[in-house]
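Structure, as structure tokens:
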Amino acid sequence: MMLTVNGEAREFRDGMNALDIAGEMQGDLKKKALIARLDGEVISLVAPIAGGKELEILGFEDAAGRHALRHTASHVLAQAVLRLNPKAKLAIGPAIDNGFYYDFDVEEPFTPDFLAAVEKEMQKIVKKNDRLERFELPREEAIDFVEQQGQPYKAELIRDLPSDAVISFYRQGEFTDLCAGPHLPSTGKVKAFKLLSIAGAYWRGDEKNKMLQRIYGTAFFDKEELDEYLRRMEEAKKRDHRRLGRELDLFAIFDEGPGFPFFFPKGMVLRNELEKYWRELHAEHGYVECRTPIMLNQHLWEESGHWDHYKENIYSTKIDDQTYCLKPMNCPGGILVYKRKTWSYRELPLRMGELGIVHRHELSGAMHGLMRVRCFTQDDAHLFITPEMIKDEVIGVHRMDDLVYNLFGFKYRVELSTRPENSMGTDEMWEAATAGLKGALDELGVPYTINEGDGAFYGPKIDYHLEDSIGRTWQCGTIQLDMNMPERFDMSYVGPDGEKHRPVMLHRTIYGSIERFIGILTEHFAGAFPLWLSPVQARIMTITNRADDAARALEARLTAEGMRVELDLRNEKIGFKIREAQMQKTPYMLVLGDKEAEQGACAVRSRKEGDLGVMAVEDLVRKLRAEIDSKAL
RNA sequence: GCUGAUGUAGCUCAGUCGGUAGAGCGCGUCCUUGGUAAGGACGAGGUCACCGGUUCGAAUCCGGUCAUCAGCUCCA
């Protein structure tokens, strides 16, 4: 059998699998090379390989290798659970980004003690180092096989596979699981693993289904990697915005208002700076701004379709026999602003922004610090455009998104969300709208994934996702193309032909919500915000009270420049004052002793670079001014 | 909303078998006037989340409620 291995043609015996081949090649391969790719696709090492194919032997460092490791770890987990609880029903157990999980249907929920016992049992399985063997069964035999094992969820999975699907199983010791692979060759390779948590999860991710018990874990090829990962997770917890919000005195959420965040004076500086930048940016890009009421008559929400599609999330109250709703979205208000007059095509595009406060009654379990709240400010905008303008306007909005995310040094991921089940409008509208967004993304050459059925009820959308400190992603920016609201509200503009035409609406945000964005920013910078955003930009501290007057003069000078300065005249040692300012992530610490007071200078310390030496006050002002104005990171 | 865990001082946490609470940091007063990440002494501060039950007696045991955390579902 001729096979091209790692780009080189080689002769092998018929019936060999990737593992055998890797074994024969041991001489020129690293011991770790145990994952393979066949004709570009990652395969199980124990799958048989025919001649005339391209085989690439990969190292464990490869992402596919880690994926196989974690998938094998999830099988070991399931095997261990079955040993301790033979009645457990297995659902699914995939590898995920940083680990793996397995879902079980059990009579009694798992306890932390059980988790520890499972981990011990897993160690036994790893020690035994059983080989994983792959085999295939025809559909009916496969169903019989899993039913004999008392695994109804597996039978359901097989029944839902397409009729031409290959149904494969992996066996290790006494345990066999339905699985497409690939896997590591034996359980002994799962050396460094840890079970992390227990959680509930609905069967097939549908809340109408039974809630199963999920065990999360992670696995690495060696102990050092695992320890390093666990250490990084611990470190990441220190960046948690809920913790930093309290430590840096920025914001908090109290029991008295679940999901309703409070912003303290320092947190308000962040908000105000973000809003100030937002207004400047939008003015530059041809936007105007409006403001619409927080509370509006229910009739408006019925007309917009929100009442039909979103009422579980709407807060409402009766006023003089009429029901009023706290707005969950800004668009109907914006539409009323649009409809106040007749528009000419000459006036379009109309780009109208609004920092709009919305209230949504989110499920209690969904709340998460500032990331998921019940009251937030969207940096919203509605673009009223002609159909011909769609592509250019979407591209224009994307460029603003890109500009803003780059300003903060964010990496972002783009998703295109298509028509959901519970939506309004015609197929034609949805197709046209989706094609419009797609066309813009393709023209921009932006990589994106498609999120089937996740659009807004009135139109498809492009979403921008940003990462938090532990790698969870949150949707921030969005561009939603809407041909439904203009129809429902009978909106129009007068075209060159003197006739009325239907405009198209673009709903969009860049920050998404000021609250969520501040949460992401706080974690991204670990509280050490760039100078232009820092709630306190400099802290002036004296060595003895003989420098107090000079310190006050310096404070006055910097304040006159519009800089945010704190004064620390306390009778404390300079080391202590520095420590506190450093822990508060103060960008600049300005130290004044006898020397500096005499010279009209100050000793400058940067939180990043440490002591920068003595600087004349006017030089300092210029330095800070330049850094603030450049919005440098 | 669902599954599990948690709730003690402003913060981080002890509190054994049921006998009405403790530390460190922070805060206040005083001493110390010092050169780039913690100077010292003394002091104040708690309806042990809330409601109910068991008990002679509950931070502790039981039930309920609320909130938080990790997920699921849903979403900016």
Side-chain angles (χ1 to χ4, degrees), chain A residues 101 103 109-112 115 196-216 237 240 242-243 246-247 249 252-259 310 312-313 328-330 356 358 360-374 376-380 417 454 456 461 463-466 470 472 474-478 480 507-517 519-520 541-548 570-583 589-596 603-607 610-614:
Chain A
Y101 67 81
D103 286 347
F110 294 142
T111 61
L115 206 63
L196 299 172
S197 61
I198 307 165
Y202 300 107
W203 167 237
R204 302 202 135 180
D206 188 335
E207 65 179 328
K208 289 188 222 50
N209 289 338
K210 185 163 187 185
M211 179 158 271
L212 309 173
Q213 291 285 305
R214 175 172 296 179
I215 296 179
Y216 281 95
K237 277 189 199 157
D240 190 307
R242 292 165 295 190
R243 174 179 174 150
R246 195 179 52 237
E247 287 175 355
D249 207 25
I253 299 174
F254 302 122
D255 282 6
E256 290 81 353
Y310 206 69
E312 329 63 78
N313 287 294
M329 297 184 195
N330 301 302
V358 297
R360 300 180 181 176
H361 183 248
E362 300 292 350
L363 293 176
S364 57
M367 251 99 69
H368 183 95
L370 289 187
M371 305 294 201
R372 192 76 182 278
V373 291
R374 284 175 169 162
F376 56 101
T377 304
Q378 290 184 306
D379 65 314
D380 216 339
S417 295
D454 216 30
K461 54 181 189 166
D463 292 327
Y464 296 80
H465 295 255
L466 303 179
I470 60 172
R472 292 180 290 212
W474 298 88
Q475 184 191 319
C476 289
T478 184
Q480 310 179 349
H507 311 240
R508 48 109 283 187
T509 63
I510 296 178
Y511 297 145
S513 87
I514 307 276
E515 288 75 8
R516 178 175 287 182
F517 202 76
I520 297 268
M541 46 192 77
T542 49
I543 289 172
T544 72
N545 57 17
R546 291 188 297 278
D548 285 3
R570 290 175 305 169
N571 178 8
E572 296 288 354
K573 291 201 168 136
I574 196 65
F576 182 77
K577 294 184 180 184
I578 294 276
R579 175 183 151 83
E580 281 197 351
Q582 198 75 49
M583 287 196 311
M589 286 150 273
L590 309 175
V591 177
L592 290 172
D594 290 335
K595 263 189 300 185
E596 292 80 6
V604 180
R605 179 188 166 104
S606 127
R607 83 183 155 205
D611 197 344
L612 299 180
V614 177

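Remember, predicted model here, so these are calculated numbers, not experimental data. The sequence lines fix the lettering, A, B, ..., with proteins before strands; numbering per chain opens at 1.
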So what does [X] touch, heavy atoms closer than 4.0 Å: a base, only the sugar-phosphate, or nothing?
X	value
R605(A)	base
G593(A)	base
T478(A)	nothing
V373(A)	base
M371(A)	base
K237(A)	nothing
Y511(A)	nothing

Query raised in the report: Who does A9(B) pair with, Watson-Crick or G-U, both distances under 3.5 Å?
Result: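 By the stated definition (distances under 3.5 Å), nothing pairs with A9(B).
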Taking the side chain of [X] as heavy atoms from C-beta outward, which of [options] is closest to it?
X	options	result
F576(A)	C72(B), G26(B), A76(B)	G26(B)
N545(A)	U33(B), G71(B), U36(B)	U33(B)
Y216(A)	G71(B), A76(B), G35(B)	G71(B)
I578(A)	C72(B), A37(B), G35(B)	A37(B)
S513(A)	C74(B), A76(B), C69(B)	A76(B)
T544(A)	A67(B), C72(B), G34(B)	G34(B)
L363(A)	A67(B), U73(B), A76(B)	U73(B)

Query - Flag, side chain of E596(A) to backbone of G593(A), donor-acceptor distance under 3.5 Å - result: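 Checking the backbone N and O of G593(A) against the side chain of E596(A), a donor-acceptor pair under 3.5 Å is found.
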Query - M367(A) CE to G71(B) P, straight-line distance once rounded to whole Å - result: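 Whole-Å distance recorded here is 16 Å.
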Query raised in the report: Counting only distance, no hydrogens or angles, is the base of C72(B) paired donor-acceptor with the side chain of R214(A) under 3.5 Å?
Result: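 No pair found.
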Review item, nucleotides 8-15 of chain B N/O atoms under 3.5 Å of protein N/O:
residue, atom, partner, partner atom, Å
U12(B), OP1, R246(A), NH2, 3.2

